[in-house]
*Asks:* 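Right, I'll just put the structure down here and ask away after.
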Amino acid sequence: MWSQYDENIEENVFFKEVSANHGDIIEKSCEENWIITVPREGCFESNENISFEVILDHILIPTEENEYTTLSKKNVSVENKKIIIENCHSFDILFEETFYQQESLKYVVWCIDRPLFVEYTCKVYQKVYLENIHDCIDFLWVESLSHLILDQIRKLSVDFTNQYKDFEVEDLQTQKDLIGRLYSQCLQAAFKNTHLKEKSSKSDQFFENLKISVETYMHYCLGSKLVSAVNTFMCTHDGWFNHITRNAKFLLAKDLGISDDFDDILTLAKCELNKINSYLSILDKINCLQRTFKCFEDGKSKTCITSDEILKFLVFIMLKLNVNNWNSNLVFIKEYRFSSISYNNDFVITSFEAAVEFIKSNNFLDIKNNALMNDSKNDIFDYVRLGMLREVKELLKQEKTLPEQKLCHPLCSCNNCKDITNTKKTNIDVHMVNEKGQNLLTYAAIYNQCELLEYFLHTKCNVNSTDYLNRTALHYAASYGYQDILLLLINFGADINALDCDKNTPLHLACDFGHETCVKALVYSSINVKYDLANFFGDTPLHLATKWSYIDIVRFLVENGGYTNVKNRRNKTPVEVSSNYCTRMLLENAPEILCNNNYEIWENLEIMENNDVANIDSLDFGVKPRTIENFKKIDLLLKAIENNDSPLTRFYLGFNNDTIQETTKKQCHPLCACAVCITDSTTNPTSPKTPNILSVNTCNPFGYTPLHFAAKYGRLEIVRLLLDSSASINVKTYSTLYTPLHLACLNKRTSVVKELLQCGNCKVDEKDSKGNTPLFYASTNCCNKIVEMLLSNGADCNKKNNGGKTIVQDCEERMLYGILNMFHENLKEADEKSTWDIF
Amino acid sequence: MAMTGNNSGVRNFKIVLLGEGCVGKTSLVLRYVDDKFNNNHISTVQAAFLNKKLNIDGKRVNLAIWDTAGQEQFHALGPIYYRSSNGAILVYDITDQDSFQKVKSWVKELRKMLGADICLIIAGNKIDLEKDRNVTLEDAEEYACKVGAIHCQTSAKQNIGVEDMFMSLTTKMLDISDEKENQKSSPLSRQNSQRRNVIVVDDEITPPSKSCCGS
């Protein structure tokens with residue numbers, strides 16, 4: 001590949017001199033394949049300096065391969081796009097241009113970076129093309145002779161960052177427009193410098209360089225803001241992409257058809273490409289891609305590297321690298337480029353794009369499967385892998401029928417005993433392990449053989465047996481994303497928090513490989529799963545999910561109690577690992593309880609509990625869970641209610657359908673509040689009381705009981721269930737003092753309000769911490785229906801809140817006339833009633 | 001990104017090489033750009049992307065020659081490589097009828113995706129192996145005529161017709177680019193000319209071809 005330098009040779013002073021006054025040389029060049037070397041523009045100021053000798057020095061006559069003599073009889077050689085004189089001076093060949101004349105005559109011109117054989121002191125010898133941010137800063141600094149422009153660009157960028165705080169959430173087009181505007185501002189700032197303006201108008205190359213350096217410095221100043229914006233825009237794509245690459249991690253070079261010869265190249269290229277995210281500007285990123293390509297070229301292997309090879313290399317490297325945002329990087333390079341940073345790079349970028357597309361197409365999954373599924377059937381492990389249950393059973397049966405033979409003594413080596421030991425070695429039993437230390441059960445889990453796994457679980461196979469990596473079957477099921485296997489294993493008592501040699505739990509692996517279903521299965525299936533365990537690198541599952549941009553998993557973990565403040569070995573919390581706005585927001589907005597250390601809360605609460613048990617168990621508030629286990633359980637229960645999962649709710653509360661029906665039967669009518677029924681319902685549903693079952697009035701650390709949650713999310717069925725099982729209806733939360741009715745009104749749950757009001761003992765005018773009654777919230781939410789219901793149940797619209805305002809006054813202020821009308825009618829009725837009463 | 005961007009009078013043309021594996025795509029480019037031929041590719045050469053600057057009667061042309069991934073598993077990636085290209089060289093091996101059939105399918109795909117704007121060259125390579133010829137010259141030329149492509153016969157090994165092939169492609173691309181330039185500058189030019197150029201090539205449709213390079 002030639003350098004990115006370009007100039008119009010026909011405008012070059014040296015070339016003009018040759019073509020104008022030495023036509024014979026050009027003619028001869030056509031006939032004899034001479035090469036005319038032309039020092040780049042700016043080396044000679046006028047043709048006065050160009051003597052005939054100098055011209056002769058610049059005409060090369062080919063002698064042997066890569067060897068030339070000049071017309072002045074001096075020897076030069078050419079190597080790797082450089083002209084070498086006397087083995088010490090080297091001159092870059094910037095580019096080659098072939099000139100065609102009529103009658104298919106042609107001659108070749110090489111543009112070189114300085115004249116040959118001439119003591120040459122250039123006044124301003126600068127790099128002719130820009131490669132990275134340092135070149136750009138140098139360029140701007142040197143050319144403008146001050147740091148004024150740099151300062152201006154930085155200031156504009158900083159202003160931009162401050163002005164568009166939520167830049168990350170904009171769509172791609174808006175982002176591009178905004179950045180484009182900023183770019184033109186920066187360019188205008190640069191053009192205020194008269195020196196730069198003058199030079200730009202003279203030379204296109206200079207103008208291009210100016211544009212590139214301004215843009216690159218702008219990227220640099222915007223810093224991670226811009227990168228994170230692109231990451232945010234592409235985060236779902238990246239998450240998906242990472243899921244694919246992570247799961248193809250164990251693919252070998254030979255699976256992709258890459259020969260061993262390229263191992264060195266690949267290692268070098270990997271090192272280069274791994275740096276891509278340390279660069280902030282497009283120019284640097286492209287440069288990084290190009291250096292990666294250069295690794296391929298420089299390899300010492302003896303084959304021709306074609307596009308096929310390059311693609312395979314790239315795919316392989318991308319699968320192996322720790323880079324988590326390929327899509328964003330590509331979009332960034334392709335879409336945010338305003339100056340033309342040399343179209344030579346187009347091929348490089350396109351190749352990367354093709355590699356990304358190929359990975360996305362998931363074609364290599366076939367390759368992966370082929371690699372796994374070779375058909376050899378040598379031993380029982382192969383049968384397990386191929387899922388041949390019958391054969392496996394038969395093999396195991398054989399073993400059992402073999403009579404137990406005893407050795408003469410444990411170390412005996414007589415012929416008889418040798419036979420026995422030999423057959424023992426090939427003996428097959430359920431406890432045997434393969435060369436990786438995996439037993440049959442683990443092996444079945446690895447190959448997703450559900451039936452076999454079930455069979456092994458029923459035999460005496462050890463569920464928690466570990467292989468040489470210290471991984472259990474559960475680890476493998478989690479890392480390959482086999483949910484069925486995972487659930488089976490958990491069901492049979494697999495240790496859910498087992499650690500492998502890197503201290504990964506199954507949850508770590510499921511998060512690392514992006515298997516959402518498995519993460520959910522692990523979290524839901526057991527209350528013992530630990531979220532805060534750090535692996536060898538100090539990463540918690542949340543770190544891993546964040547790192548690979550698996551947004552759904554991050555959200556799920558945050559909602560279910562992932563700890564957002566744990567630091568890994570690099571002293572980074574998940575928020576700091578996060579590369580995009582979406583996951584960052586999720587983590588930063590995680591509920592307060594999750595940001596603190598949960599254990600502390602538990603401890604504090606336990607102390608509180610011991611101090612004033614009476615107070616907490618009073619009727620106003622829910623019941624504190626007594627054990628840490630129950631603390632976790634109440635969270636799960638509330639979650640289940642939020643998800644409207646009534647079977648699970650029932651399960652946690654410890655009653656099944658039968659008991660419910662019983663209780664309902666025993667009541668006079670479903671909503672009866674007579675003494676008999678109330679005592680019945682208080683004793684009955686929790687009657688088969690086991691210590692593990694939560695009482696209906698258990699609350700979480702904020703004082704929310706299940707009824708609060710059911711009311712808040714409008715889970716009518718669960719509300720009924722809870723009311724039927726004597727949940728106390730007027731419980732309050734701790735700091736806000738909400739009753740379930742408050743929450744139902746706040747969230748406009750009409751049917752729930754109705755249900756609550758139908759229970760005779762519901763207090764309608766209970767005040768919360770601000771002194772507001774449910775009616776206040778219903779009216780400010782404009783829920784006419786709820787207001788009507790509340791009023792007809794005796795709610796008082798003249799109650800004053802802590803601010804001293806009645807609800808009527810408040811509604812007047814908000815101009816809610818429809819509701820005011822209802823109030824007035826209600827008041828009128830009340831008046832009439834009272835007058836009637838007087839009579 | 002527009003490859004025909006015309007700053008400082010340079011015209012950038014993108015040329016893609018398509019064809020089955022082993023028909024000699026890479027050899028053709030290497031012969032043209034570096035004037036090299038390796039029977040067994042002794043040194044490592046990066047042949048996936050090469051640049052060539054030309055100056056034809058004062059017109060500066062920059063050819064970016066892209067070798068595309070030829071293996072079947074990468075077939076779906078074709079459009080990523082050939083989009084926005086100005087010219088395509090479809091190479092077949094004259095000793096291999098299958099490779100010629102493959103060229104036909106490429107022509108259809110290119111015409112479908114890129115319309116009539118792209119200049120096509122159909123190149124029968126390895127004419128040094130004339131004795132093993134399996135694709136007749138008449139067939140190939142007739143087909144090329146039918147789809148509006150230029151047909152060339154080349155041998156990268158013996159350096160026959162390689163330079164001429166690239167030359168005729170370049171002149172044709174220059175013509176088209178000039179035409180476009182004129183269209184742009186003339187006030188009557190219609191805006192969406194690109195849209196109208198999209199045509200689907202059936203085997204029946206026969207846009208007139210200009211000339212065949214051999215003649």
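Heavy-atom basis, side chains included; hydrogens, waters and symmetry copies ignored. Lettering of chains follows the sequences in order, A, B, ..., and the numbering in each one begins at 1. Since we're looking at a predicted model, the values are computed, not measured.
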*Asks:* Would you mind reporting whether A:Y100 and B:E163 have side-chain heavy atoms less than 4.5 Å apart?
*Replies:* yes
*Asks:* What is the distance from atom CD1 of A:I9 to atom NZ of B:K53, rounded to the nearest 0.5 Å?
*Replies:* 8.5 Å
*Asks:* Checking A:F313 now: which residues fulfil ring pair (Phe, Tyr, Trp, His ring centres under 6.0 Å) with it, not counting sequence neighbours?
*Replies:* A:F262, A:F296
*Asks:* Hey, can you tell me if A:F358 and B:F74 have their rings parallel, tilted or perpendicular (30° and 60° cut-offs)?
*Replies:* perpendicular
*Asks:* How about A:F347 and B:N51: do any of their side-chain heavy atoms sit closer than 4.5 Å?
*Replies:* no
*Asks:* Do B:I80 and A:T350 come close enough that some side-chain heavy atom pair is under 4.5 Å?
*Replies:* yes
*Asks:* Any chance you could measure A:Q101, atom CD, to B:N55, atom CG, to the nearest 0.5 Å?
*Replies:* 9.5 Å
*Asks:* Using a 4.5 Å cut-off on heavy atoms from C-beta on, say whether the side chain of B:K52 contacts that of A:T98.
*Replies:* yes
*Asks:* Salt bridge (charged side-chain N to carboxylate O under 4.0 Å, His left out) for A:E353 and B:R83? Distances and angles first, verdict last.
*Replies:* CA-CA 13 Å; A:E353 201 186 336; B:R83 69 176 169 214; 2.6 Å; yes
*Asks:* Side chain, backbone, both or neither: which part of A:E357 has a heavy atom under 4.5 Å from chain B?
*Replies:* both
*Asks:* Below 4.5 Å from any heavy atom of chain A, which atoms of B:L77 appear? Answer side chain, backbone, both or neither.
*Replies:* side chain
*Asks:* Within a strict 4.5 Å, meaning less than it, do heavy atoms of the A:E97 and B:L54 side chains meet?
*Replies:* no
*Asks:* Is the closest side-chain heavy-atom distance between B:F49 and A:S351 below 4.5 Å?
*Replies:* no
